[in-house]
Amino acid sequence: MKKRRSIADAGAAIAAAVIFFLTNTVLPPAIAGIVENTFLVSQVNMTHLCKETLVTVVNGQLPGPVINVTEGDSVVVHVVNKSPYNMTIHWHGVKQRLNCWADGVPLITQYPILPNQNFTYRFDVSGQEGTLWWHAHIPCLRATVHGAIVIRPRHGPSMYPFTKPHREIPIIIGEWWEVNLEELDMDLRYFVNDHFFSASTINGKLGDLYNCSGVVEDGFVLDIEPGRTYLLRVINAALYSEYYFKIAGHKFTVVAAGANYVKPYTTDVIAIAPGETIDALVVTDAPPGSYYMVALPSQPPKPDFQSPVLVARGTVKYADNHNPRNGTVALSSYHGQGGRGSPAGDVPVAPEMPDNHDASTSFYFHGNLRSLQQRLPAVPAQVDDRIFITLGLGSVCRRGKSCKRGEGNEEEFMLVATMNNVSFELPAAMTPLLEAQYYHGSSVETLHELPDRPPRVYNFTDPALIPYGPKAAQLEMTSSKTMVARRFRYGTTVELVFQGTALMQAESNPMHLHGHDMYVLAQGFGNYEAERDMAKYNLVDPPMVNTVLVPRLGWVAVRFIADNPGVWFMHCHFEFHLSMGMAAVFIVEDGPTVDTSLPPPPVDFPTCGHADNPTPDECYLKTKKSESSRVNVF
């Protein structure tokens, strides 16, 4: 009988594969292809928890279709918008080299695609391998309009820098919402906590912890064979929560994060924040049977607002006979908590999960990621621009109201999310900023510069600031500005230190930078101190990511090279923070040559003035507005 490989054996095999890959001779170039997809955005009725809900989806499915490409391919996606909402699609993590026009952020890079209108996105996936994802960049709609992007090596799976997997499986962690997502966006911008998602999901399924009149919900089932290696492509598409993900009786070997390879790292738990993607190998060497896979949302402890702990649960089920499926994913529905239909007929084994208030597990998971040095350019030693950015909450007077902080009627105020005490908002009407920048450059008048530092230095992580009171009121000093931005010359090396604060909350912050990857140099709990903490910088093999998690009541330091001309959004990927204004725009100017300058917009680029479209003002007014006139179309 063939001996089943142990975890140690698997780790040795993975390490050997890495060495082989890095010393292998270069193969001749493969021919790049064109991968074409059509996304029909529409509304369908879906039923969960005894309730039928009208849901906006792509091609009638949740999650949406997977875009499968090889490195170097060109991607064409025809978006047909049959929903009642304006729409854009953002290709999360795709660098869009010299192609900012396809980044998909409404009124930052393009006019939105209006209902009953079409638009075609075109972009290349060069120099990236691994898992990324796509999602709507319209308020809250990414909860249901999302899917995976899988980028494989140009010369095939044998060129992975790890053991070639038997199968590859996207695992998308999300949330099931029974509320109108447009109303949710309005409430978020007023910091109203009346709505919460009804369940967590794994690949769109709730799992057997949820039931309707005694009938349990279906769960995602992964059918596996013993003695195999599987590659899980894990994506957090949730609006609200960081998640802990485990499979009972199995370990993960993390091999990539954000479509960048990392040194193999073995763990029994994956910590993943909204916007992040993690690639992990799983060796099926447990005794035959069924095992729960669990996604647990985490949150800060009291005095922060406490959300319901809504866990998603699926099943990994060993086959009782070999039935190869040519490398495709076997999906089925799991019925019942008793593991009905499993090979052994027993209750699936459940993993022991971290506490939902635990922050240290996430901190150490992210801190253990190291890049494969040979795969990435060296960390730039010289820094041209340093920015220290505090992340927190504040309050501003509602538009048209006169108020004094700490006094008066609460209806005169609104809570906002900030970077360096400035909250981002769009002007009442505008041409997309990328278009204005391309044709008018530095003469764009609507920009307000993101400050180098907060207006005041204090104990940023003092827990006494979490419940609102006189101490917090003295420190928030918030302003709301249209188009908070920072301009960089081409080739500038930028160092950002994101400092979490305790101002009225203690949340972590997954910060996403469009159009670039960031070197994650160091992280820590408490307040960042340059003299002490710069000595901790990893300048040898830091991971590169497009979304970096700022730990609760902590900090993270990153660097990136501003070498991709365009207008790039930088924002928190918690939907409540984004809707409330925790965002800025990074403008990268053209370089000295044609190859370092942004080309003109595509000939079919969306406009608001051509036949059958409204005027620019009318187009803009079709986006969502609140009574305070704070506009949110992200």
Side-chain angles (χ1 to χ4, degrees), residues 1-7 9-10 48 63 165-174 176 199-212 214-235 243-253 266-270 272 278 280-297 309-354:
M1 187 174 75
K2 188 174 180 180
K3 184 177 179 181
R4 190 178 293 122
R5 289 185 298 171
S6 68
I7 292 295
D9 293 336
H48 289 295
H166 175 59
R167 275 195 256 150
E168 304 177 14
I169 303 99
I171 300 289
I172 300 182
I173 299 170
W176 175 248
S200 296
T201 60
I202 297 175
N203 286 347
K205 295 183 180 293
L206 284 62
D208 61 8
L209 290 175
Y210 303 90
N211 73 82
C212 167
V215 179
V216 298
E217 286 276 345
D218 290 350
F220 172 74
V221 170
L222 174 61
D223 291 320
I224 59 173
E225 299 174 14
R228 300 284 195 176
T229 298
Y230 293 80
L231 176 60
L232 304 187
R233 299 180 176 275
V234 188
I235 300 167
Y243 279 82
Y244 289 127
F245 179 72
K246 294 186 76 171
I247 299 176
H250 296 76
K251 290 185 180 293
F252 304 105
T253 298
T266 300
T267 175
D268 67 348
V269 61
I270 290 174
I272 187 165
I278 298 291
L281 299 174
V282 175
V283 177
T284 54
D285 61 352
S290 295
Y291 298 83
Y292 279 126
M293 63 169 65
V294 176
L296 168 75
V309 182
L310 300 171
V311 177
R313 198 157 74 174
T315 309
V316 172
K317 185 166 64 174
Y318 278 75
D320 52 3
N321 54 60
H322 290 283
N323 183 23
R325 299 175 185 242
N326 298 319
T328 60
V329 181
L331 305 183
S332 59
S333 294
Y334 170 68
H335 302 277
Q337 190 166 344
R340 191 186 320 158
S342 65
D346 58 339
V347 175
V349 179
E352 182 177 346
M353 300 300 292

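For the numbers below, each heavy atom of this structure counts, side chains included, while hydrogens, waters and symmetry mates do not.
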Which pair of heavy atoms, one from Ala312 and one from Tyr210, lies closest together, and at what distance?
-> N-OH, 4.3 Å

Could you tell me which non-hydrogen atom of Met293 sits nearest to which non-hydrogen atom of Thr315, and how far apart they are?
-> CG-N, 4.0 Å

With sequence neighbours excluded, tell me which residues meet side-chain hydrogen bond (donor to acceptor under 3.5 Å, both in side chains) with Tyr244.
-> none

Rounded to the nearest 0.5 Å, how far apart are CG of Leu206 and CG of Asp218?
-> 9.5 Å

Spacing of OG1 belonging to Thr229 relative to CG belonging to Asp285, to within rounding of 0.5 Å | 9.0 Å

Indicate yes or no for a side-chain donor-acceptor contact from Asp268 to the backbone of Lys251 under 3.5 Å, with no hydrogens or angles considered.
-> no

Would you check if Leu222 and Arg167 make a side-chain contact, meaning some heavy-atom pair closer than 4.5 Å?
-> yes

Thr284 side chain to Gly227 backbone, donor-acceptor under 3.5 Å | yes

All heavy atoms of Ile270 vs all of Ala280, minimum pair found to be CD1-CB, 3.9 Å

Heavy-atom nearest pair, Phe252 first then Leu232, reads CE2-CD1, 4.0 Å

Begin with the C-alpha distance, continue with both residues' side-chain angles, and end with the deciding distance and a verdict on side-chain contact (heavy atoms from CB on, under 4.5 Å) for Asp208 and Tyr292.
-> CA-CA 10 Å; Asp208 61 8; Tyr292 279 126; 2.7 Å; yes

Just do the side-chain contact (heavy atoms from CB on, under 4.5 Å) check on Val294 and Arg313 with the steps written out, would you?
-> CA-CA 5 Å; Val294 176; Arg313 198 157 74 174; 3.9 Å; yes

Drop me the distance from Arg228's CZ to Leu281's CG, to the nearest 0.5 angstrom.
-> 14.5 Å

Of the non-hydrogen atoms in Ala248 and Val349, which two are nearest, and what is the gap between them?
-> CB-O, 3.2 Å

Trace of the side-chain contact (heavy atoms from CB on, under 4.5 Å) decision for Tyr291 with Ile224 = CA-CA 11 Å; Tyr291 298 83; Ile224 59 173; over 6 Å; no

Measure across Ala286 and Gly249 and return the closest heavy-atom pair with its distance rounded to 0.1 Å.
-> CB-O, 3.9 Å

If you measure from CZ on Arg233 to CD1 on Ile171, what distance do you get to the nearest 0.5 Å?
-> 12.0 Å

For Asn211, check side-chain contact (heavy atoms from CB on, under 4.5 Å) against everything at least two apart and list the hits.
-> Val216

For the atom pair CD1 (Ile173) and CD1 (Ile235), what is the distance rounded to the nearest 0.5 Å?
-> 9.5 Å

